[in-house]
Colleague: 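Just dropping this structure here.
Computed from a predicted model, the values in this text were never measured in an experiment.
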Amino acid sequence: MAKPPTYWPLSIVVFLLFWLLFGAIAMYYSAQVNARWRYGDVDGANQASRSARIVNLIGIGVGILFWIVVIAAG
């Protein structure tokens, strides 16, 4: 069985460009993938990977909406 994706690059992009809070939470889950995988917690690693992906997508969505509002108001 292959290790689930960590989504580190996406988490960093979300943190830097879109929304700090969501990026930080996504980076936490990304780190949990490796930690749980190392300890043999396959289900936990898969759950952390899914959580990182979901938080990243939410962060991108909120960030894009935020930038649209800022540009439209500016």
Side-chain angles (χ1 to χ4, degrees):
M1 173 175 252
K3 183 176 86 166
T6 60
Y7 298 104
W8 268 110
L10 185 57
S11 298
I12 293 168
V13 168
V14 169
F15 182 79
L16 294 175
L17 298 180
F18 291 107
W19 206 255
L20 248 71
L21 177 64
F22 290 106
I25 294 169
M27 285 195 287
Y28 167 78
Y29 284 120
S30 294
Q32 288 297 305
V33 173
N34 287 330
R36 292 177 183 197
W37 184 261
R38 222 176 298 125
Y39 289 109
D41 183 7
V42 175
D43 291 334
N46 284 320
Q47 179 61 39
S49 178
R50 280 191 299 274
S51 296
R53 184 183 66 229
I54 290 168
V55 172
N56 276 320
L57 294 175
I58 292 170
I60 289 170
V62 170
I64 288 173
L65 287 175
F66 172 78
W67 286 112
I68 288 172
V69 169
V70 167
I71 290 170

Colleague: Can you establish whether the number of heavy atoms outside F22 located under 6.0 Å from its atom CZ is more than 12?
Modeller: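 Yes - once you tally the heavy atoms of other residues, nucleotides and ligands closer than 6.0 Å, there are more than 12.
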Colleague: Report yes if some heavy atom in the side chain of L17 is under 4.5 Å from a heavy atom in the side chain of I60; otherwise report no.
Modeller: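 They are not in contact (no side-chain heavy atoms under 4.5 Å apart), so the answer is no.
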Colleague: Go through the steps for W37 and M1 under the test side chain to side chain contact (heavy atoms under 4.5 Å, CB included), then give the verdict.
Modeller: CA-CA 11 Å; W37 184 261; M1 173 175 252; 4.2 Å; yes
Colleague: Please answer whether the main-chain N or O of A45 pairs with a side-chain N or O of S49 as donor and acceptor at a distance below 3.5 Å.
Modeller: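 Answer holds: no.
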Colleague: Do L65 and V69 make a side-chain contact, defined as non-hydrogen atoms from C-beta onward lying under 4.5 Å apart?
Modeller: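 In short, these two side chains do not touch, never coming nearer than 4.5 Å.
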Colleague: Taking all heavy atoms of A52 and all of T6, pick out the closest pair and write down the distance.
Modeller: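 Where A52 meets T6 most closely, the heavy atoms are CB-O, 4.1 Å.
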Colleague: Could you tell me the separation between the CD atom of Q32 and the CD atom of Q47, rounded to the nearest 0.5 Å?
Modeller: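 Atom-to-atom, Q32:CD and Q47:CD are 11.5 Å apart.
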Colleague: For N34, which residues count as a side-chain hydrogen bond (donor to acceptor under 3.5 Å, both in side chains) partner, sequence neighbours excluded?
Modeller: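 Result, side-chain hydrogen bond (donor to acceptor under 3.5 Å, both in side chains) vs N34: K3.
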Colleague: Less than 3.5 Å apart, any donor N or O on the side chain of S11 or S30 sitting next to an acceptor on the other?
Modeller: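 The answer is yes; a qualifying pair exists.
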Colleague: For a 4.5 angstrom cut-off between non-hydrogen side-chain atoms, does W8 reach M27?
Modeller: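 W8 vs M27: side chains touch.
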Colleague: Mind checking the CD1-CG spacing from I12 to N56? Nearest 0.5 Å is all I need.
Modeller: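 Between atom CD1 of I12 and atom CG of N56 there are 10.0 Å.
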Colleague: Are L21 and L10 linked, directly or through intermediate hydrophobic residues, by side-chain heavy-atom contacts shorter than 4.5 Å (ILVMFWY only)?
Modeller: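 Yes, because L10 and L21 connect within a single hydrophobic cluster, where side-chain heavy atoms sit under 4.5 Å apart.
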Colleague: Quick check on the hydrophobic clustering: are V33 and L57 connected, directly or via other members, by side-chain heavy-atom contacts under 4.5 Å?
Modeller: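 No, it is not one cluster - the side chains of V33 and L57 are not joined through contacts under 4.5 Å.
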Colleague: Could you list all the ring pair (Phe, Tyr, Trp, His ring centres under 6.0 Å) pairs where at least one residue sits in residues 38-74, not counting sequence neighbours?
Modeller: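 Output for this query lists W19-F66.
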